[in-house]
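Below: the structure, in C-alpha cells.
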Amino acid sequence: MSSGRPFYITTPIYYVNDRPHVGSCYTTIVADCIARFMRLAGRDVFFLTGTDEHGQKVEKSAAEKGKSPQELADENARHFREAFEFIGSTHDDFIRTTEDRHEKQVQEVLKALIASGDIYLGEFEGWYDEGQEEYVTENQARERDYTAFNGKPLVKATEQNYYFRLTKYWDRVRKLIEENETFVRPAGKRSEVLGRLKDEARDVPVSRTNFSWGIPVPGDEQHVTYVWIDALMNYMTALGKIDEGFGGVGGSRQKYWDGSGEVVHLIGKEILWFHAVIWPALIMALEDAGRDDLKLPTTVYAHSFWIREGKKMSKTLGNFIDLETIHAYCDRYGLDAFRWYMLTQGPLSATDADFAYEHFVEVYNADLANGFGNAHSRVTNMIAKYFGGEVPLQEENADLGVDWPATIAQKTAEAVSAMGAVDVAGALKAGLEVSNAVDLFINETAPFRLAKDEANLPRVGTILYQCAEALRIAAVLMRPAMPDAMDAALERLGSPIRDGQTLQDLTRWGLLRPGTSVEKGDALFPRADAKDPEPSGVKTGA
RNA sequence: GGCCCCGUAGCUCAGCGGUUAGAGCAGACGACUCAUAAUCGUUUGGUCCUCGGUUCGAAUCCGAGCGGGGCUACCA
C-alpha cells in the first residue's frame with residue numbers, strides 16, 4: 001500500500017485473565033497515535049496488538065467459572081477487541097497466543113533452541129505455596145515471612161523445568177544496551193535495566209508441569225511453555241518470521257522486520273525486564289541456532305502508569321479507571337478529547353501520571369475548547385460573515401508579519417522529530433502551537449475591525465486565508481491523536497484528507513484553494529465546566 | 001537488605017556550575033469584541049526539602065539528614 005520505509009510498532013499482548021482498563025487502553029492509544037502519524041508521514045506501517053491467553057491463572061479461573069480455558073479466553077479476547085475498536089485503534093492485526101499460527105511457530109522455536117542447547121532440562125527449586133498451588137519468588141517469600149497464603153509455612157519444592165540459557169547472553173545483552181542509548185527507553189528505565197545487569201546472571205525457566213494450559217514442549221509434552229517464550233514470540237509469529245508456512249500471509253509481512261525499517265515495542269514498565277533482556281537474548285539464541293535472518297528490535301519503550309487523583313489504582317480502593325469510566329468520559333467529552341488527554345498528559349516518561357478529573361477539564365478547556373476549537377470557530381465564522389462562507393483570495397505580496405510557510409515548516413519538522421523520538425505529547429504540541437499562533441495573529445491584525453470598512457476587504461481576505469490555511473495544517477498535525485474531530489474540522493474547512501495524501505503534501509502552505517466553501521457548524525469541543533460532577537460509569541454487570 | 005530516581009511558583013514540570021531561576025495551567029489587572037464568558041497583553045507568586053562542605057560563584061557538584069517513589073528477574 002505504502003512504498004515508504006517499513007515501521008513496525010507493537011503493544012504488549014494483554015493477559016485475558018484481566019479486563020481491559022486505562023492501562024491497556026493507554027498503551028494501545030499511544031501505539032495507535034504513533035502508527036497513524038507514521039502512516040501519514042509516508043511510512044509503511046504495521047501495527048500489532050493482541051492477547052496472551054495461556055497460563056495457570058486462565059486455567060484456574062476458567063475452571064472456577066465452569067468453562068474451558070479456551071472459552072474464557074475467547075470471551076475475554078473479545079472484550080479487548082471491542083475495547084480497542086471503541087478507542088479507535090487502527091491495528092493491522094490482533095494476534096492471540098492460542099491461534100494455530102502462533103503455537104506452531106513457538107514450537108519451532110522450542111525445537112530449534114532445544115537442539116542448539118540453549119533450552120535445556122534442569123531442576124527448579126523454589127518456595128512453594130501448597131494451598132495456592134504456586135511458587136512464590138524469593139522476594140515475595142521473604143516479605144511474607146515464608147508463610148503461605150493460608151498461614152502455613154512455605155515449603156521448598158523442586159521440579160523439572162526447561163530453562164533458557166540466559167546466562168550465555170547476559171553480557172551480550174548488557175553490551176547491546178550500553179552501546180545503544182535508544183534500545184531501552186526512556187533513559188531512566190535504561191539505567192534501571194543496566195543496574196540489574198550488573199547482578200549475577202541466571203537462567204530462566206520456560207516450562208511448567210503443574211498445569212497444562214499452554215503450548216506443549218515438542219518431544220516432552222507434559223511440559224508446557226508460557227510467558228517468556230510464548231508471549232514474547234508473538235511479535236514475530238504475527239509476521240510469519242519464524243515460519244511463513246504458519247504465518248499464512250504469503251511473505252507480505254517479512255519486510256516489517258528485516259532490518260530495513262524500525263521495530264518499536266511499546267510496553268508498560270512492569271514487563272520491561274522481559275522485553276529489554278530476555279527478548280533480545282532469545283533472538284540472539286535463535287541467531288546462534290542458525291536463524292540469522294532474525295533481527296533485534298530497534299527500541300523497547302517502557303511507559304509508566306496512570307495513577308488516580310494522586311493515589312495508586314488498586315482493587316482494594318476500587319479506584320480503577322475501568323471501561324465504564326472511559327465510556328462515561330467519552331460520552332461527555334468525546335473519544336477524541338479522551339485520547340488527547342491520554343496522549344498529552346500520559347506517563348510516557350519514567351514517572352507516573354495522575355488521571356484527575358479537574359486536570360482533565362483544565363486540559364480539555366485550555367487546549368481544545370478555548371484553544372483549537374475556538375480558533376476554528378472564530379475563523380470559520382468570519383469567513384461566513386465577511387465572505388459568504390467561501391475561502392477568500394490573498395492579496396499579492398501581503399506581508400502581515402507572520403511568515404506562515406516558515407512557521408509551518410518548523411512546527412511540522414518539530415512534530416516529525418518528536419514523534420520519531422516517541423515524544424507523542426511534544427509532537428502534538430507542535431500542532432496546537434500552530435492554532436495558538438492563529439489566535440495571536442487574529443488579535444494583532446484585527447480583521448474584524450478592518451471589516452467595518454469595505455475598502456479593507458482584500459486585506460481581511462488575506463488575513464482570513466492565512467488563518468484558515470494555518471488551521472487546516474494544525475488539524476492535520478493533530479489528527480493522529482483526534483482523528484474524528486480533526487476530520488470534522490478539515491471537512492468544515494472544505495479540505496478533507498484524501499487517500500494517499502501524506503504529511504508532506506498536506507502541510508504544504510497554499511494547498512487551500514480560494515473559493516472553497518467553509519462551514520462553521522456547532523462547537524467542535526463545547527466548553528467543559530469543572531463544577532459538573534465527574535463522569536462515572538454505570539457497571540453493566542455483564 | 002541491595003541498586004536507583006525524585007523533592008524548584010497554588011498545580012504539572014523544565015533548568016543540572018556562571019548575568020535579576022523559567023514554561024504551561026490556575027489567580028489578578030488591562031486590551032479587544034470575530035469567537036465556545038472564548039482571545040491577546042501585562043502581572044502576582046519561589047528560604048530552588050534541611051543542614052554542612054567544595055568553589056571567585058551552587059537549584060546545579062560532594063556529604064549527612066528528612067520526605068516521596070521505582071526496580072529487586074522464574075507472576076501472567
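By convention in this document, chain letters (A, B, ...) are assigned in the order of the sequence lines, proteins followed by strands, and residues within each chain are numbered from 1.
With both pairing distances under 3.5 Å, B/A31 is matched to B/U39 as a Watson-Crick or G-U wobble pair. Figure legend. B/U19 is base-paired to no nucleotide; pairs are counted as Watson-Crick or G-U wobble with both atom distances under 3.5 Å. Pairing of B/U50, defined by two Watson-Crick or G-U wobble distances under 3.5 Å, is identified with B/A64. Across every strand in view, B/G24 sits in a pair with B/C11 that passes the Watson-Crick or G-U test at under 3.5 angstrom. Here B/G1 sits opposite B/U72 as a Watson-Crick or G-U wobble pair (both hydrogen-bonding atom distances under 3.5 Å).
Proximity of A/N381 to the phosphate of B/A35: a side-chain N or O atom is located under 4.0 Å from OP1 or OP2. Contact annotation: A/K520 reaches the phosphate of B/U36 (side-chain N/O to OP1 or OP2, under 4.0 Å). Between A/R196 and B/C71 there is no side-chain polar atom (N or O) within less than 4.0 angstrom of OP1 or OP2.
A/F211 has its CZ atom 14 Å from the P atom of B/C74, to the nearest Å. In this structure, CZ of A/R527 is placed 7 Å from C1' of B/A37, rounded to the nearest angstrom. Taking atom CZ of residue A/F355 and atom C1' of nucleotide B/C11, one finds them 17 Å apart after rounding to whole Å. Distance CG (A/D367) to C1' (B/U12): 13 Å, rounded to an integer number of Å. In this structure, A/H303 places its NE2 atom 13 Å from P of B/C71, rounding to the nearest Å. Separating the CG atom of A/L440 from the P atom of B/G24 is a distance of 13 Å, rounded to the nearest angstrom. Counting to the nearest Å, the P atom of B/A26 and the CD atom of A/E358 are 12 Å from each other. Atoms CG (A/N370) and P (B/U36) sit 12 Å apart, rounded to a whole Å.
Comparing the same atom, C1', in B/G7 and in B/G41 gives a spacing of 34 Å after rounding to whole Å. Taking atom P in both B/G63 and B/G27, the straight-line distance is 43 Å, to the nearest Å. Nucleotides B/C34 and B/A9 are separated by 35 Å at their C1' atoms, to the nearest Å. One P atom belongs to B/A26, the other to B/C40, and the distance between them is 11 Å to the nearest Å. Of the P atoms belonging to B/C3 and B/U50, the separation is 27 Å, rounded to the nearest Å. Rounded to a whole angstrom, the distance from the C1' atom of B/U47 to that of B/U36 is 43 Å. Annotation: B/A21 and B/A58 have their C1' atoms spaced 12 Å apart (nearest Å). Straight-line distance between the P atoms of B/C25 and B/U42: roughly 13 Å, to the nearest whole Å.
Between B/C74, B/A35, B/C13, one nucleotide has an atom nearer to the side chain of A/S377 than all others, and that is B/A35. Checking B/C25, B/G70, B/C34 against every side-chain atom of A/E362, the shortest atom distance belongs to B/C25. With distances taken from any side-chain atom of A/R208 to the nucleotides B/A38, B/C34, B/C75, the minimum falls on B/C75. Listed nucleotides: B/C75, B/C34, B/U36. Nearest to the side chain of A/L524: B/U36. Closest contact between the side chain of A/A523 and the listed nucleotides B/U36, B/C34, B/C32 involves B/U36. When each of B/C34, B/C71, B/C25 is scored by its nearest atom to the side-chain atoms of A/M382, the top-ranked nucleotide is B/C34. Of the candidates B/C13, B/U36, B/C75, B/C75 carries the atom nearest the A/W228 side chain, counting heavy atoms from C-beta on. Here B/U36 is the nucleotide among B/C34, B/U36, B/U33 with the atom lying nearest to any side-chain atom of A/A369.
A side-chain donor from one of A/T167 and A/D203 sits under 3.5 Å from a side-chain acceptor of the other. For the residue pair A/E414/A/Q410, the side-chain donor-acceptor check at 3.5 Å is satisfied. There is a side-chain donor-acceptor pair under 3.5 Å between A/T51 and A/E53.
Counting non-hydrogen atoms under 4.0 angstrom, A/W170 reaches a base of the nucleic acid. Across all strands shown, A/H359 has no heavy atoms under 4.0 Å from either base or sugar-phosphate atoms. Nucleic acid contact for A/G373: base, since at least one base atom lies under 4.0 Å from a heavy atom of the residue. Nucleic acid contact class of A/K189 (heavy atoms, under 4.0 Å, all strands): sugar-phosphate only. Contacts of A/P526 with the nucleic acid, taken as non-hydrogen atoms under 4.0 Å apart, include base atoms. Contact annotation for A/S191: no contact, since no heavy-atom pair falls under 4.0 Å across all strands. At a threshold of 4.0 angstrom between heavy atoms, the contacts of A/I278 with the nucleic acid are absent. Using a 4.0 Å heavy-atom cutoff across all strands shown, A/E200 reaches at least one base atom of the nucleic acid. Within the 4.0 angstrom heavy-atom criterion, base atoms lie near A/F274.
RNA chain B is contacted by both A/E53 and A/K269; A/K269 maps to the nucleotide lying nearer its 5′ end (nearest heavy atom per residue). Of the two residues near RNA chain B, A/T351 and A/V379, the one whose nearest nucleotide lies more 5' is A/T351.
Annotation: A/Y329 is not in aromatic contact with A/Y364 [ring centroid separation under 6.0 Å not met]. For A/W279 and A/F183, the ring centers sit 6.0 Å or farther from each other. The aromatic ring centres of A/F164 and A/W228 sit 6.0 Å or more apart.
At least one side-chain heavy atom of A/K189 sits under 4.5 Å from a side-chain heavy atom of A/K269.
No donor-acceptor distance shorter than 3.5 angstrom exists from the side chain of A/T11 to the backbone of A/T28, with no hydrogens or angles considered.
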Requested in this report: Kindly indicate, with the supporting measurements, whether the criterion salt bridge (charged side-chain N to carboxylate O under 4.0 Å, His left out) is fulfilled by A/E192 and A/R196.
Outcome: CA-CA 6 Å; A/E192 244 173 59; A/R196 281 177 63 185; over 6 Å; no

